[in-house]
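Each chain gets a letter, A, B and so on, in the order its sequence line appears, and its residues count up from 1. Side-chain atoms are counted along with the backbone in the values below, which use heavy atoms only and exclude waters and symmetry mates.
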There are 2 protein chains.
Amino acid sequence: MDTAERLITSTQELLRERGYVGTSPKAIQQRAGAGQGSMYHHFTGKPDLARAALTRSAAELRALADQLLSADDTAVNRIEAYLRRERDVLAGCPIGRLAQDPDIIASPTLRAPLDETFAWLRGKLADVLTEGRERGELDLDPVTTAATIVAVLQGGYVLARAADSAEPFDQAVTGVLALLKGTA
Amino acid sequence: MDTAERLITSTQELLRERGYVGTSPKAIQQRAGAGQGSMYHHFTGKPDLARAALTRSAAELRALADQLLSADDTAVNRIEAYLRRERDVLAGCPIGRLAQDPDIIASPTLRAPLDETFAWLRGKLADVLTEGRERGELDLDPVTTAATIVAVLQGGYVLARAADSAEPFDQAVTGVLALLKGTA
DNA sequence: GTCTATAAGAAGATAGAC
DNA sequence: GTCTATCTTCTTATAGAC
């Protein structure tokens with residue numbers, strides 16, 4: 001892995017651990033094993049690096065979700081597979097975590113990857129729900145239900161971190177799946 | 001309002017706007033119209049002030065939720081009133097917002113108000129759901145469903161901030177209410 | 001491409017005068 | 001109780017040598 005690549009992955013890790021405001025260029029350099037000059041040679045500054053890291057994280061999240069949600073199975077089973085997939089719950093969502101960061105939200109450039117990721121994910125889930133409805137598996141409004149499912153995930157991360165335990169995350173997922181199955 | 005009080009409310013505002021890592025003692029002093037010496041006379045430092053501000057915000061949130069959830073109405077109606085209550089969605093939750101802050105989560109003292117608030121809220125919602133079940137209004141597992149409802153709220157804030165619009169929050173709330181009513 | 005200065009300003013206090 | 005001075009470390013770079 002070359003230096004630019006190491007800088008990006010280090011930034012991805014630090015953004016997830018400490019947010020944008022809490023991540024300094026120095027910390028990125030140290031984790032990447034790169035010097036000041038090296039970092040400023042490859043990127044114009046902290047926002048530029050963050051942009052690269054967020055775009056990368058967004059693509060990774062999307063690829064993972066797409067794989068599970070495009071499987072050949074019922075709508076509810078695909079959604080369950082996505083919700084129950086292995087996650088480091090206490091680390092938080094690499095994308096959703098940044099929605100609380102004031103500097104991310106204030107910058108259209110840095111907010112864009114978050115906006116696009118969630119818009120895509122809600123759209124994908126709505127498609128899955130629409131398919132399920134057409135097949136007679138369930139009968140729910142696809143758009144609002146999709147927003148609910150993504151919100152349960154993101155809110156589950158919040159509850160887990162507040163409790164320092166994955167339990168409330170798992171409960172929230174179990175609860176929404178019961179609701180989805182109960183209306184089938 | 002005396003100086004100590006102004007320092008607390010200013011800290012509440014700044015924690016909500018910028019998080020703990022993003023809030024400096026200097027910013028707090030300026031918003032409160034207090035000097036350095038004044039702040040360090042009333043509080044031992046930034047963590048001490050944050051602790052006071054978080055405890056206050058937690059009490060406020062709890063009082064508001066308790067009022068709406070203890071009303072004389074059906075379980076679903078009380079939950080709907082709580083979910084649909086007027087909020088500054090784009091500002092985020094004064095408590096849940098801090099769950100992403102690494103320094104808050106790393107400190108047992110600062111994490112406690114978050115943990116206690118969500119534990120209480122999930123318990124309160126579980127009580128409401130248990131009551132509804134005993135009255136035959138619905139039939140859902142109270143504990144997991146309560147976690148789901150709180151998660152929808154917290155996740156709704158995340159989606160709204162990412163989209164810079166309250167719409168996904170409203171959709172998530174509408175979706176979960178439809179699920180709750182659909183199983184009634 | 002990478003390294004080592006250098007630097008203005010902020011962060012988070014402490015000390016002592018008033 | 002509040003104010004000003006002082007201090008150390010961190011932040012976010014820029015400049016120029018190698």
Are side-chain heavy atoms of B:Gln29 and B:Ser38 found at a separation under 4.5 Å?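 SC-SC contact between B:Gln29 and B:Ser38 ruled out.
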
Among all residues two or more places apart in sequence or in another chain, which pass the salt bridge (Lys or Arg N to Asp or Glu O under 4.0 Å) test with [X]?
{"X": "B:Glu80", "value": "B:Arg84, B:Lys181"}
{"X": "B:Asp141", "value": "none"}
{"X": "A:Glu17", "value": "A:Arg31"}
{"X": "B:Glu5", "value": "B:Arg56"}

Partners of B:Phe118 by ring-ring contact (aromatic ring centres under 6.0 Å, His included), sequence neighbours excluded?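 Checked B:Phe118 against ring-ring contact (aromatic ring centres under 6.0 Å, His included); zero matches.
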
Check: residues 64-72 of chain A side-chain donor-acceptor pairs under 3.5 Å, at least two apart:
residue, atom, partner, partner atom, Å
A:Asp66, OD1, A:Ser70, OG, 3.2
A:Asp66, OD1, A:Lys124, NZ, 3.3
A:Ser70, OG, A:Asp66, O, 2.8
A:Ser70, OG, A:Lys124, NZ, 2.8

Contacts table for residues 157-164 of chain B: side-chain donor-acceptor under 3.5 angstrom, sequence neighbours left out:
residue, atom, partner, partner atom, Å
B:Tyr157, OH, B:Arg87, NH1, 3.1
B:Arg161, NE, A:Ala99, O, 2.6
B:Arg161, NH1, B:Leu90, O, 3.1
B:Arg161, NH2, A:Ala99, O, 3.4

Walk along DNA chain C from 5' to 3' and tell me the first and last nucleotide with an atom closer than 4.0 Å to a non-hydrogen atom of chain A.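 Contact boundaries, 5' end first: C:dG1 to C:dT4.
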
So which of residues 17-35 of chain B are in contact with DNA chain C, with a heavy-atom cut-off of under 4.0 Å?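 Those residues are B:Thr23, B:Ser24, B:Pro25.
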
Heavy-atom contacts under 4.0 Å between residues 39-47 of chain B and DNA chain C, which residues?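 Contacting residues: B:Tyr40, B:Lys46, B:Pro47.
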
Could you note down all residue pairs passing ring pair (Phe, Tyr, Trp, His ring centres under 6.0 Å) where residues 8-38 of chain A supplies at least one of them, sequence neighbours left out?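 Every pair satisfying ring pair (Phe, Tyr, Trp, His ring centres under 6.0 Å) with a residue in residues 8-38 of chain A: there are none.
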
Just grab all the ring pair (Phe, Tyr, Trp, His ring centres under 6.0 Å) pairs involving residues 52-88 of chain A, residues at least two apart or on different chains.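 Sorted result for residues 52-88 of chain A: empty, none.
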
